[in-house]
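None of the values given here were measured: they were computed from a predicted structure. In what follows, chains are A, B, ... by sequence order, proteins preceding strands, each numbered from 1.
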Amino acid sequence: MVTDKVTPKSKDVSGWYNDIVLRSGLADYGPAKGTMVFRPYGFAIWEKVQEVFNGVLKTKGVENAYFPMFIPYSLLETEKEHVEGFSPELAIVTIGGGEELKEKLVVRPTSETIMYSMWSKWYQSWRDFPILMNQWANVVRWEKRTYLFLRTSEFLWQEGHTAHVEHEEAKEMTLWALEQYRKLYAEHYAMYGIVGKKSKKERFAGADETYTIEFLMPDGKALQGATSHDLGQNFAKAFNFTFQSRDKDSAYPWQTSWGLSTRSLGGMILAHGDDTGLILPPKLAPVQVVIVPIIFDESESEVISYAKKIEEELVAAGLRVKLDTRDYSSGFKHNEWEMKGVPVRIEIGPKEAEQNKVLLKFRIKEGKELVDSNELTKQIENHLKTDQEQLFEKSKKFVEGNTSVVEDYEQFKEVMTNKRGFIRAFWCEDEECESKIKAETKATTRCLPLDAKKEEGKCVYCGKKADYRWYFAQAY
RNA sequence: CGGGGCGUAGCGCAGCCUGGUUAAGCGCACCUGCCUUGGGAGCAGGGGGUCGGAGGUUCAAAUCCUCUCGCCCCGACCA
């Protein structure tokens, strides 16, 4: 057991982050470079995300499937931009069963190629459309630097893929997925993000348009939370994926793909935690309520049976409850569960058992309240609801408070040197300006917000005509 | 791929410079017992190491030399 204090978040964000992820039991480093282990406490959060998002997919008629992780190199090569975009970070299998392979196998960095090559075999008629599929999978992108959850060689995600007869319908699908991510983040992760469109340079390799949701982390850097791509007919053409349309012509379908990865958990940890440790939003917390019995020899059985009764009541109300009867001191348990970010703690000792009350402690609030056990379930449910909302409000305030609107490049540079965070500035949408800004300030374009208004502006870098204010930030 | 750092018990480290009586140590964790539990308890006892690997120097190597493997951090790169 770990007994010393965690690195303060206020002092060293990444030190705090590593410390807290390891010690809270969310994850650990794997033995091979760049890999990580999702420990049960961490994986439980991801399972919750899966449960929620599977429900969302179902409402749209998206079905789950699973495609192989090994992709013949030639398949990946079929879409030129795609392979160029990914080749620096591919893991490739050259030997299998002790023999050199005739054709190298790529460990999937994403599944467009393998899925669409299969689809082209399965679907021939306009009657088969739209095709709506999702898979939960691991993907591999060879990263040189490891950061638990945020940057690992292998990570978990869901990737949704669709194919439509009409482009308009595909575009709607892309925006639908983006909106689902925004909602998932807002309502479950309790995180406020900026949704928008990526610049050409930041686009997914092989897409016509990429949409994103961007978050701001406590150190002032931006984290891409999920992406949704309008693939046009690029992959369909590359894979000769055609169908017979209603008017008898052979046609290429319009496709989309969109993904959310376990990186989102890293963002959530960074966004909400404090010097004490994790703060988990109630909807995703694996344990919502922990019960810590305060045991003295003479009252042990009485306290435990009362605690069990309380546990049963809360479980019956649909709450995720843990009764911690381990033989550690109660003070130790308090600190541990606070570090693990459990939203609500109940302390039960002889006094409470006798009076039919419990002592309530909320993770995000100072002080404890003595509560009548009849009121307990309702009080906890209310608290979890407001807790969830407050975390979101806090996140929103943070983003708003750390977004700077700048009018010229001097201001831009000054913000990047001192405050960082999001910068809203006019940009002419010329790639050269984008590259130079990045080289000089480390800031990249994050997105053009969906609700951006067209204005008469001048590019913050070159001074030429610019229509929109883009979001800039240093990316993770 | 560049720069830096580190491999000694589960984790964190000391010992290395100046080789040997410190013939492998410390803190935490772990196990047993007693005791204890209202904010990170205490006492006593105990288990656990081919000192990353290979080779060399030497009467003698965790310690010196050579090679090698691995990891971490910073940068570059990165959906």
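Between A:Arg23 atom CZ and B:G10 atom P there is a gap of 20 Å when expressed in whole angstrom units. As rounded to whole Å, 13 Å separates atom P of B:C73 from atom CG of A:Leu150. Atoms CG (A:Asn335) and P (B:A41) sit 8 Å apart, rounded to a whole Å. The distance between atom CG of A:Asp28 and atom P of B:G12, rounded to the nearest whole Å, is 10 Å. The distance from atom OH of A:Tyr29 to atom P of B:C6 is 19 Å, rounded to the nearest whole Å. We find that CD1 of A:Ile291 is positioned 18 Å from P of B:G38, with the value rounded to whole Å. One can place CZ of A:Phe332 at 15 Å from P of B:G39, the figure rounded to the nearest angstrom. Following rounding to the nearest Å, A:Asp19 (CG) and B:C72 (C1') show an atom-to-atom distance of 15 Å.
Between A:Ser329 and B:G40 there is no side-chain N or O to OP1 or OP2 distance below 4.0 Å. Remark: A:Tyr328 is in phosphate contact with B:C30, judged by side-chain N or O atoms under 4.0 Å from OP1 or OP2. For B:G38, the OP1/OP2 oxygens have a side-chain nitrogen or oxygen of A:Ser330 closer than 4.0 Å.
B:A9 and B:C51: their P atoms are spaced 10 Å apart (whole Å). A distance of about 11 Å separates the C1' atoms of B:U57 and B:G19, rounded to the whole Å. As rounded to the nearest Å, B:G3 and B:U50 have P atoms that lie 34 Å from one another. Comparing B:G52 with B:C16, their P atoms sit 15 Å apart, to the nearest whole Å. Of the C1' atoms belonging to B:G12 and B:U21, the separation is 28 Å, rounded to the nearest Å. Between B:G7 and B:A14, the distance separating the two P atoms is 7 Å to the nearest Å. When the P atom is compared between B:G53 and B:U58, the two are found 23 Å apart, to the nearest whole Å. Straight-line distance between the P atoms of B:A23 and B:C6: roughly 27 Å, to the nearest whole Å.
A donor-acceptor contact shorter than 3.5 Å links the side chain of A:Trp16 to the backbone of A:Asp274.
At the heavy-atom level, A:Pro350 lies under 4.0 Å from base atoms of the strands shown. Residue A:Arg345 is classed as a base contact, given a heavy-atom separation below 4.0 Å to a base. Residue contacts shown for A:Lys438 are limited to sugar-phosphate atoms, with no base heavy atom under 4.0 Å away. Here A:Lys351 lies in heavy-atom contact (under 4.0 Å) with a base. Residue-level contact check: A:Arg203 touches neither bases nor backbone, having no heavy atom under 4.0 Å from any strand. At the heavy-atom level, A:Glu214 lies nowhere under 4.0 Å from the strands shown.
Counting only Watson-Crick and G-U wobble pairs whose two distances sit under 3.5 Å, RNA chain B takes part in these stems of three or more pairs: B:1-7 with B:69-75, B:10-13 with B:25-28, B:30-34 with B:42-46, B:52-56 with B:64-68.
The stretch residues 356-365 of chain A touches RNA chain B through A:Leu359, A:Lys361, each having a heavy atom within less than 4.0 Å of the strand.
The pair A:Arg182-A:Glu179 meets the salt-bridge criterion, since a charged nitrogen lies less than 4.0 angstrom from a carboxylate oxygen. In this structure, A:Arg345 pairs ionically with A:Glu338, as a charged nitrogen and a carboxylate oxygen lie closer than 4.0 Å. A salt bridge does not link A:Glu440 with A:Lys413: none of the charged nitrogens is closer than 4.0 Å to a carboxylate oxygen. Using a 4.0 Å cut-off between charged side-chain N and carboxylate O, A:Glu414 and A:Lys419 make no salt bridge.
Ranked by how close their nearest RNA chain B nucleotide is to the 5' end, A:Arg141 and A:Phe296 are led by A:Phe296. The nearest heavy atom of RNA chain B to A:Lys368 and to A:Arg151 marks one nucleotide each, and the one closer to the 5' end goes with A:Lys368.
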| query | Between A:Gln135 and A:Ser111, is a side chain to side chain donor-acceptor pair (under 3.5 Å) present by the stated rule, with each step listed? | reply | CA-CA 9 Å; A:Gln135 85 169 351; A:Ser111 304; 3.0 Å; yes

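Side chain A:Glu338 to base B:G40: no donor-acceptor pair is found below 3.5 Å. Not a single donor-acceptor contact under 3.5 angstrom links the side-chain atoms of A:Glu336 to the base of B:G40.
Nearest nucleotide to the side chain of A:His334, out of B:C73, B:G39, B:C78: B:G39. Taking only side-chain atoms of A:Lys442, from C-beta outward, the nucleotide of B:A76, B:U37, B:A41 with the closest atom is B:A76.
No hydrogens or angles considered: nothing links the side chains of A:Asn402 and A:Arg420 as a donor-acceptor pair under 3.5 Å. Remark: the A:Thr162 side chain and the A:Thr256 side chain contain an N/O donor-acceptor pair separated by less than 3.5 Å. Side-chain contact, A:Glu434 with A:Ser199: a donor N or O sits under 3.5 Å from an acceptor N or O.
For the pair A:Lys198 and A:Phe204, the NZ or CZ position fails the cation-pi test of under 6.0 Å to the six-membered ring centre and within 45 degrees of the ring normal.
A ring pair (Phe, Tyr, Trp, His ring centres under 6.0 Å) with A:Tyr409 holds for exactly one of A:Tyr461, A:Phe426, A:Trp427; it is A:Tyr461.
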All N/O donor-acceptor pairs, side-chain side in residues 80-89 of chain A, below 3.5 Å, sequence neighbours left out:
unit_1  : atom_1 : unit_2   : atom_2 : d
A:His82 : ND1    : A:Ala205 : O      : 3.0
A:Ser87 : OG     : A:Val83  : O      : 3.4

